[in-house]
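Remarks on the structure that follows.
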Amino acid sequence: MRVIGGVYRGRRLKSPPSLRVRPTADRLRETLFNVLAPRIQGVRFLDLCAGSGAVGIEALSRGASFATFVDRSRRMCALIEANLDLCGVPEEETEVFMSEAAEFLRRAVANGYRCWDVIFFDPPYAENYSPVLETLGEHRSLICEDGVVVVEHHHKKVLPDAVGTLRRWRILRQGDAALSFYQHD
């Protein structure tokens, strides 16, 4: 696994030790950032269910000003920290939280946390996506104006076209994976 573009391009990232963690493939990451390219410069990026942190690190490499990484596993949080160190990402550009994704979002709302411009959500394919999507759809304060939520899922998994005020505007399929893009209406 490597960083595909930007200032950290070519840097090798440590991979998760477990086969239960499915990192976003390089090709799918490249497709994601081709779509996000016009809106990535200077943004606040949230990587939910971050795993190795590859997607958030790619965002930083391509110009995001800040990235928040969230994963429920202590091991994955340590792996994210190690990958940030490998790339030499300045500490003031990142934060790492060990938490369930939905719980992290509920706490962010309760604490009046600053919004994110891009939220990437990539849980294990077997997980229930609803709690996170519903929280994002109910709380506009989590997503900045003109912000986007991108959900990675198995191409056969049916996600809703709308959740609260979130509306899906695009689906990209690549192999077994798909990316659903949502924005507030």
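These numbers come from a predicted model, not from an experiment.
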Between CG on residue Asn83 and OG on residue Ser15, distance to nearest 0.5 Å:
8.0 Å

Where do Pro38 and Asn34 come nearest, in terms of heavy atoms and distance?
CD-O, 4.3 Å

Where do Gly51 and Ile80 come nearest, in terms of heavy atoms and distance?
O-CG1, 3.2 Å

Under the salt bridge (Lys or Arg N to Asp or Glu O under 4.0 Å) rule, collect the residues that match up with Asp146, sequence neighbours excluded.
none

Donor-acceptor pair, distance only, cut-off 3.5 Å: does the side chain of Thr68 make one with the backbone of Leu46?
no

Under 4.0 Å between a Lys/Arg side-chain N and an Asp/Glu carboxylate O for Glu30 and Arg27?
no

Those residues at least two apart in sequence (or on a different chain) that pass disulfide bond (SG atoms under 2.5 Å apart) with Cys144 are Cys115

I'd like to know if the side chain of Thr165 reaches the main chain of Gly137, judged simply by a donor and an acceptor atom lying under 3.5 Å from each other, with no hydrogens or angles considered.
yes

Within the supplied structure, the quantity of interest is the number of heavy atoms (other residues, nucleotides, ligands) at a distance under 6.0 Å from Lys14 NZ; does it exceed 12?
no

What is the minimum heavy-atom distance between Gly147 and Gln183, and which atoms define it?
O-CG, 3.2 Å

Taking the side chain as C-beta and beyond, is there a heavy-atom pair between Val7 and Cys87 under 4.5 Å?
no

Going only through I, L, V, M, F, W and Y residues with side-chain contacts under 4.5 Å, is there a path from Val151 to Val163?
yes

State the OG-CG distance between Ser180 and Leu172, to the nearest 0.5 angstrom.
9.0 Å

Would you check if Val43 and Ser65 make a side-chain contact, meaning some heavy-atom pair closer than 4.5 Å?
no

pair Leu136-Tyr182: side-chain heavy atoms closer than 4.5 Å
no

Do the side chains of Leu60 and Val55 join up, straight or via other hydrophobic residues, at under 4.5 Å, putting them in one cluster?
no

Given the rule that I, L, V, M, F, W and Y join up when any side-chain heavy atoms are under 4.5 Å apart, are Leu159 and Ile119 in one cluster?
yes

From Ile57 atom CD1 to Thr94 atom OG1, the distance as rounded to the nearest 0.5 Å
9.0 Å

Partners passing side-chain contact (heavy atoms from CB on, under 4.5 Å) against Cys77 (at least two apart in sequence or in another chain):
Asp71, Val96, Met98

Does Phe181 have any ring pair (Phe, Tyr, Trp, His ring centres under 6.0 Å) partners at least two apart in sequence or in another chain, and if so, which?
Trp169

Can Val109 and Arg106 be said to form a side-chain contact (heavy atoms from CB on, under 4.5 Å), step by step?
CA-CA 5 Å; Val109 169; Arg106 284 191 288 275; 5.9 Å; no

So, Arg107 and Ser99: side-chain donor and acceptor under 3.5 Å apart, yes or no?
yes

With rounding to the nearest 0.5 angstrom, report the CD1 to CZ distance, Ile40 to Phe33.
5.0 Å

Rounded to the nearest 0.5 angstrom, the CG-OG distance for Leu84 and Ser52 is 10.0 Å

Indicate yes or no: at least one non-hydrogen side-chain atom of Glu152 is less than 4.5 angstrom from one of Leu28.
yes

Selection residues 83-95 - residue pairs positive for salt bridge (Lys or Arg N to Asp or Glu O under 4.0 Å), sequence neighbours left out
none

Can you list every pair that meets salt bridge (Lys or Arg N to Asp or Glu O under 4.0 Å) and has a residue in residues 45-60, with sequence neighbours left out?
Arg29-Glu58, Glu58-Arg62

All ring pair (Phe, Tyr, Trp, His ring centres under 6.0 Å) counterparts of His139, not counting sequence neighbours
none

With sequence neighbours left out, the residues meeting salt bridge (Lys or Arg N to Asp or Glu O under 4.0 Å) with Arg168 are Asp161

Hphob cluster co-occupancy, Phe45 + Val150, side-chain heavy atoms under 4.5 angstrom:
yes

Determine, stepwise, if the pair Tyr8 / Val89 fulfils side-chain contact (heavy atoms from CB on, under 4.5 Å).
CA-CA 9 Å; Tyr8 307 124; Val89 177; 3.6 Å; yes

Write down the atom of Ile143, the atom of His184, and the distance for their closest heavy-atom approach.
CD1-NE2, 3.3 Å

For Ala102 against Pro131, the heavy-atom pair lying closest together:
CB-CB, 4.0 Å

Which pairs, with at least one residue in residues 125-143 and sequence neighbours excluded, count as a salt bridge (Lys or Arg N to Asp or Glu O under 4.0 Å)?
Arg72-Glu127, Arg140-Asp185

With sequence neighbours left out, write down each residue that passes salt bridge (Lys or Arg N to Asp or Glu O under 4.0 Å) with Arg11, or none if nothing qualifies.
none

Minimum side-chain heavy-atom gap Asp117-Arg39 below 4.5 Å
no

Residues that Phe121 engages under ring pair (Phe, Tyr, Trp, His ring centres under 6.0 Å), provided they are two or more places apart
Tyr129

Looking at CD of Gln174 and CG of Leu179, how far apart are the two atoms once the value is rounded to the nearest 0.5 Å?
8.0 Å

Test of understanding: clusters of I, L, V, M, F, W, Y form through side-chain heavy atoms closer than 4.5 Å, transitively. Do Ile4 and Leu13 belong to the same one?
no

Please report the closest heavy-atom contact between Ala67 and Gly56, naming both atoms and the distance.
CB-O, 4.2 Å

Applying ring pair (Phe, Tyr, Trp, His ring centres under 6.0 Å), which residue pairs with at least one partner in residues 55-113 are found, sequence neighbours left out?
Phe97-Phe104, Phe104-Trp116, Tyr113-Trp116

